[in-house]
Amino acid sequence: MDGLEDRKTKPGLSGRIRQSQLWKSVFRVGLPLDRRGRLRVVIHNFFLHLHPARVATSGLRMTYTFCLGGISAFLFVVLTVTGVFLMFYYVPETGRAYADMKDIGFVVPFGRAMRAMHRWAAHLMVVTVILHMARVFLTGSYKPPREFNWVIGVGLLVLTLLLSFTGYLLPWDQLAFWAITVGTNMAAAVPLLGHEGPLHDLLGATVDNDVRFVLLGDVEVGATALIRFYVLHCVGLPLAALVLMGVHFWRVRKDGGISRPL
Ligand code: HEM
């Protein structure tokens, strides 16, 4: 009888934990079962509030988005983590960049795995971003009110391609050297801004002041191009992508969540 009384008056272990000051300082709101209460829990929790408080069931259907945007974002995280590990060993200097890549492949513990993950994730991200764009187009999700997010998406596509292009030079092997030579020669043929392009006279573009020169920092691929591509690849472009992704995800929420299938 005494035991029963005790159970009625004293809360159990989980009850005592949930009533402690420590628990209450972390979780301000309990776990209510009603809809309004559940919304409050999501809004007051740092990790949960990153997600929308309400999601349409149709938006959760795997076959609508194929999670292609989410997979692209995940690959970006993989690229950042593996890229930072590669930065510990790689020095963007013409005399040692190639040797550093070889060391990463043959000497550094797990170096080969890190580099392979970085390369595979980079190739995959280009594929998933293009497929994501195709999904958005085919489901008509670019239409109002999501037209601005489509434009942000185009920015993200360009940044993804530029990240691939700038990373291409870093191994500093024959493939890298000639690929970037060809790629930047194409910039020389851009109208107005390239010294070989149509109307180049109008702005006075020459071999040592045109858009190709800005990219390379020189009239041909060399040490200045390597450091420029390295800084763009490791700092400038990832930061720009991070900012645009933040705006992109925020807009998905503000535009009423993921669009509904017809
Ligand atoms: C780094 C590249 C990108 C990332 C990480 C990304 C991420 C995402 C994520 C997570 C979503 C939520 C729905 C989903 O997973 O499909 C989304 C939606 C959307 N994305 Fe992207 N995206 C990227 C590139 C693009 C591109 C290239 C476009 C188009 C040019 C685009 C346009 C849109 C639009 C319009 C929506 C809203 C779709 C809807 O409501 O159904 N995104 N994106």
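Remember, it's 1-based here, ligands and their atoms both numbered in the order they're listed. Since the model is a prediction, treat every value here as computed from it, not as a measurement. Numbers for residues simply follow the sequence, beginning at 1. What you see below is based on every heavy atom in this structure, not just the backbone, and it leaves out hydrogens, waters and symmetry mates.
- Taking hydrophobic clusters as Ile, Leu, Val, Met, Phe, Trp and Tyr residues chained together by side-chain heavy-atom distances below 4.5 Å, Tyr90 shares a cluster with Tyr168.
- If you check the side chains of Thr166 and Tyr230, you find no donor sitting under 3.5 Å from an acceptor.
- Note on ligand 1: Phe76 sits outside its first shell, no heavy atom being nearer than 4.0 Å.
- Neither the backbone nor the side chain of Phe66 comes within contact range of ligand 1; no heavy atom lies under 4.0 Å.
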**Request:** Go through the steps to decide whether Arg112 and Ile104 satisfy the test side-chain contact (heavy atoms from CB on, under 4.5 Å), and finish with yes or no.
**Result:** CA-CA 6 Å; Arg112 198 178 151 91; Ile104 287 171; over 6 Å; no
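- Within the structure, ligand 1 has Arg135 among the residues with a heavy atom less than 4.0 angstrom away.
- Phe137 and Val158 fall within a single hydrophobic cluster, where Ile, Leu, Val, Met, Phe, Trp and Tyr side chains are chained together by heavy-atom contacts under 4.5 Å.
- Excluding waters, the count of protein N/O/S atoms less than 2.8 Å from atom 21 (Fe) of ligand 1 comes to 2.
- Residue contacts with ligand 1: Met125 is included, with a non-hydrogen atom under 4.0 Å away.
- Between the side chains of Thr139 and Arg135, a donor-acceptor pair is found at a separation under 3.5 Å.
- Annotation for ligand 1: atoms under 4.0 Å from non-hydrogen atoms of Ile258 are 13 (C), 40 (O), 41 (O).
- Between Tyr64 and ligand 1, no N or O atom pair is found at a separation short of 3.5 Å.
- With hydrophobic clusters built from ILVMFWY side chains whose heavy atoms lie under 4.5 angstrom apart, Val221 shares a cluster with Leu175.
- Inspection of the Asn149 and His248 side chains reveals an N or O donor paired with an N or O acceptor under 3.5 Å.
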